[in-house]
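What follows is a single structure, written as structure tokens, with notes after it.
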Amino acid sequence: MFFSNMIMPTMREFPSEAEAISHKLMLRAGYVRQLASGLYAYLPLGWRVICRINAIMRDEMNAIGAQEISLPVMHPAEIWQKTGRWYDIKEEMFRLKDRTGRDMCLGMTHEEIMTWLAARELKSYRNLPQMWYQIQTKLRDEARPKSGILRTREFLMKDSYSFDIDDEGLDKSYKLHTNAYHNIFRRCGLVFYQAESDTGMMGGAAAHEFMAPSPAGEDEIVICDKCDYTANVEVACSLAVSLKDLGWQHEEVHTPNKRTVKEVSSFLKIGPSYFIKSLLFILSDGPALVLLRGDQELHDKKLMKIIGSFRPASKDEVQSILGVEAGFIGPMSHAIRIIADVSLKEGTFVTGANKVDYHIKGITSGKDFSAEWHDLHVAKEGDMCPKCQNALKIDRVIEIGNIFKLGVKYSVPLNAVYLDANGQERPIIMGSYGIGPARIAAAAVEQNYDKDGIIWPKSIAPFDVEVIPLNVSDARTMEVAGQLYKNLTGSSLEVLFDDRDERPGVKFKDADLIGIPVHLIIGEKSLKDNMVEIKVRRTKEAHKVKLEDSISTIIKLVHDKSVL
RNA sequence: CGGGGCGUAGCGCAGCCUGGUAGCGCACACGGUUCGGGACCGUGGAGUCGGAGGUUCAAAUCCUCUCGCCCCGACCA
């Protein structure tokens, strides 16, 4: 491919609207252009990257026996109404009517449509198991598109679905996908984790997310270095570091106008972890007091799982239910449901005295209050691993893939059933598995760049090699460069030939910015000694090789799996 | 949806406070000199100043409304 024939609009400066590194670099290096918020055009370089990622995904999906199909992107409403998601999902779904007034929507994901197909075509246990996937456009009217191609309103997704006769079959399909996903992300050159995740609105029994560490990420995971525990903070459990019991006796302390843990803590010069934070919530069946340690944040979703939906009590409600104003609440002597974080089970604490302007020291569970014990807090850096007690790390990550055990959530409402060996009708057991190729690309950039530009992992770079003749008006240079280009292309490498009549500096800068892994530089001086220069983008190491050895050297470099 | 910021040439920006009819750098075109890490000189093309309304003799500049984009938060199937 000749540089002069391709549209690769590199820019000397970073466009100002970009914030994330991948966004800045992909704009500057001419990979993508923005049409509107969350809508991107992929230019030739960008599209090549996506295509290579797609090829890897196809390879690995096919390897586990999955079959590629293609489904419509526009769907009739009824099918989404049958599963209830037409109503559960709100503004995030693009909806429209066709000319006859029929309600339609644009697909955000394809569980419904895949299940519809399965319902029609999979009739017998003899048809199962099946795995179907597609690489298709999804549309979501995101509340806030951001970070370039990381979070867009229209995006490509590789989504696959498994159909099994029972949970055992689902386990197998899930495992196959897990392995395939590990292969895909590894082959794409990413650093990633597999984390336990929330099943969310997808429903189902188990779910994992594949997470690529990056400051541009929108999620956080907890990681234990010692054992294999890795989980999204949305579901992560952790143990609080236990406190030294200071053995306080009951003592009421005057804390005028000090309400928050922070205020009282600094006033009494006692660390926040020695406090009990008391929060009053209104549940569907009445009020409940929720207790956390002073250094903890309430994890809404964990609480929701225990008590269902809830809302914070108003000031008046706090007063009328507890007889004291917020800020001085303590868990003692209230005839009310109390749910407490397990970290409060042991130890002696400070808490509100149920009396304005007073707190009380020396409160212990069992003696002063009793409660239902649960993990209610948001896991944080330094908490201990629930499995092995090692200190946990927290890392910011990009979600690049997810896998869900759906069970019968879609097959039942859409009547996707099969007849088992006994002629019994049973719902198909499903799994769903997604990967965002654009996120892989963005994560790859986030994890591989330097001050000069992108450093693509070899496997997903838009080209394998960039041939750079330094002086295009030198006949010998161009003859050699042309021949090398031909030979490299002939060796099934993707080659970019910078045939522009530009100064060497410009070509070097653009080459570094674009980030093709290997550069082959042909300069007049070296050529006199029958030498050319081979440079590795990542290390910037350049060495001269004999002209006749250059092709084999490059082929070796490109195929060397040790350096992705 | 709440909070903040920004819309002036393809990109990056100045001009706005204090109204007087649009400018700089890069990019682009042409000529010349250059040529191993974003060269230099000269000439030139390119802008409904996001849009609408208003104030005024006069609006990029002041006022009102509106649209768009970015960031933080909420949301995220």
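Note: hydrogens, waters and symmetry copies are ignored here, and every other heavy atom, side chains too, is used.
Of the C1' atoms belonging to B:rA52 and B:rG38, the separation is 43 Å, rounded to the nearest Å. Only the P atoms considered, B:rG7 is 15 Å distant from B:rC49, to the nearest whole Å. Spacing between B:rA9 and B:rA46 at atom C1', rounded to whole Å, works out to 6 Å. The separation of B:rG37 from B:rG23, taken at their C1' atoms, amounts to 32 Å, rounded to a whole angstrom. Straight-line distance between the C1' atoms of B:rC1 and B:rC11: roughly 33 Å, to the nearest whole Å. Taking atom P in both B:rC13 and B:rC70, the straight-line distance is 15 Å, to the nearest Å. If you take atom P in B:rG3 and the same atom in B:rU66, they sit 14 Å apart, rounded to whole Å. Comparing the P positions of B:rA60 and B:rG20 gives an interatomic distance of 9 Å, to the nearest angstrom.
Ring pair A:His182/A:Phe210: centre-to-centre distance below 6.0 Å. A:Trp456 and A:Tyr31 have their aromatic ring centers within a separation under 6.0 angstrom.
Between A:Ile69 atom CD1 and A:Met114 atom CE the span is 3.5 Å, to the nearest 0.5 Å.
Atom OH of A:Tyr31 is separated from atom P of B:rC11 by 20 Å (rounded to the nearest Å). Look at CG on A:Asp300: it is 12 Å from C1' on B:rA74, rounded to the nearest Å. The separation between A:Glu17 atom CD and B:rG50 atom P is 16 Å, rounded to whole Å. Across the protein-nucleic acid pair, A:Arg144 atom CZ and B:rC71 atom C1' stand 6 Å apart, rounded to whole Å. Atom-to-atom, NZ of A:Lys507 to C1' of B:rA39 comes out at 15 Å; the value is rounded to the nearest Å. Atom CG in A:Asp498 sits roughly 15 Å away from atom P in B:rG38 (whole-Å rounding). Rounded to an integer number of Å, the gap from CD of A:Gln34 to P of B:rG7 is 17 Å. As rounded to whole Å, 11 Å separates atom P of B:rA74 from atom CD of A:Glu218.
Here the side chain of A:Pro504 is nearest to one of B:rG38, B:rC35, B:rC69, namely B:rC35. Relative to the side chain of A:Lys509, the nucleotides B:rG38, B:rC72, B:rG12 differ in distance, and B:rG38 lies closest. Of the listed nucleotides (B:rG38, B:rC70, B:rG36), B:rG38 has the atom at the smallest distance from the side chain of A:Arg28. Distances from the side chain of A:Leu513 to the nucleotides B:rA74, B:rG38, B:rC69 place B:rG38 closest. In this structure, the nucleotide among B:rG37, B:rG12, B:rG38 sitting nearest to the side chain of A:Asp512 is B:rG37. For A:Phe508, the listed nucleotide lying nearest its side chain is B:rG36; candidates were B:rG73, B:rC70, B:rG36. Minimum atom distance to the side chain of A:Pro15 is reached by B:rG12, of the listed B:rG12, B:rC69, B:rG37. The A:Leu470 side chain lies nearest to B:rG36 when the options are B:rC71, B:rG36, B:rC69.
Nucleotide B:rA52 is matched to B:rU64 when pairs are restricted to Watson-Crick or G-U wobble geometry with both distances under 3.5 angstrom. Under the Watson-Crick or G-U wobble criterion, with both distances below 3.5 Å, B:rC40 is paired with B:rG32. When both pairing distances are held under 3.5 Å, B:rC1 makes a Watson-Crick or G-U pair with B:rG73. The partner of B:rG25 is B:rC11, judged by Watson-Crick or G-U wobble contacts that both fall below 3.5 Å. Of all nucleotides present, none satisfies the Watson-Crick or G-U wobble test against B:rA58 with each distance under 3.5 Å. When Watson-Crick and G-U wobble pairs are counted only if both distances are under 3.5 Å, B:rA46 pairs with no nucleotide at all. Of all nucleotides present, none satisfies the Watson-Crick or G-U wobble test against B:rC17 with each distance under 3.5 Å.
The existence of a salt bridge linking A:Arg153 and A:Asp141 is confirmed by a sub-4.0 Å separation between a basic side-chain nitrogen and an acidic carboxylate oxygen. Ionic pairing of A:Asp529 and A:Lys544 is not present here: no N-O contact between side-chain nitrogen and carboxylate oxygen is shorter than 4.0 angstrom. With respect to A:Lys302 and A:Asp375, a salt bridge is recorded, a charged nitrogen being found less than 4.0 Å from a carboxylate O.
By the side-chain contact (heavy atoms from CB on, under 4.5 Å) test, A:Asp452 is found to be paired with A:Asp450, A:Lys509, A:Asp512, A:Arg537, A:Lys540, residues two or more places apart in sequence or in another chain being considered.
Closest-nucleotide positions on RNA chain B for A:Gly38 and A:Glu142 were compared, and the one nearer the 5' end corresponds to A:Gly38.
Checking side-chain atoms of A:Lys507 against main-chain N and O of A:Arg500 turns up a donor-acceptor pair under 3.5 Å. In this structure a side-chain-to-backbone donor-acceptor pair under 3.5 Å is present from A:Arg28 to A:Arg12.
Side-chain atoms of A:Asn471 stay outside donor-acceptor range of the base of B:rG36, with no qualifying N/O pair under 3.5 Å. Put simply, the side chain of A:Asp452 and the base of B:rG37 share no donor and acceptor less than 3.5 Å apart. For B:rG36, its base sits under 3.5 Å from the side chain of A:Ser526 at one donor and acceptor pair at least.
Counting non-hydrogen atoms under 4.0 angstrom, A:Met108 reaches nothing in the nucleic acid. As judged by a 4.0 angstrom heavy-atom cut-off over every strand, A:Ala36 is placed among residues touching the sugar-phosphate backbone only.
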Review item, nucleotides 25-34 of chain B N/O atoms under 3.5 Å of protein N/O:
residue	atom	partner	partner atom	Å
B:rG25	N2	A:Glu13	OE1	3.0
B:rC26	O2'	A:Arg12	NE	3.2
B:rA27	OP1	A:Arg12	NH2	3.2
B:rU34	O2	A:Arg503	NH1	2.7

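Considering only side-chain N and O atoms, A:Ser37 lies under 4.0 angstrom from the phosphate OP1 or OP2 of B:rC70. Between A:Lys146 and B:rC72 there is a side-chain polar atom (N or O) within less than 4.0 angstrom of OP1 or OP2. Dashed line: the shortest gap from a side-chain N or O of A:Ser16 to OP1 or OP2 of B:rC11 is not under 4.0 Å.
Note on ring orientation: taking the six-membered ring where Trp is involved, the planes of A:Trp132 and A:Phe163 are tilted (angle from 30° to 60°).
Cation-pi geometry between A:Lys138 and A:Phe155 is not met at under 6.0 angstrom from the ring centre and within 45 degrees of the axis.
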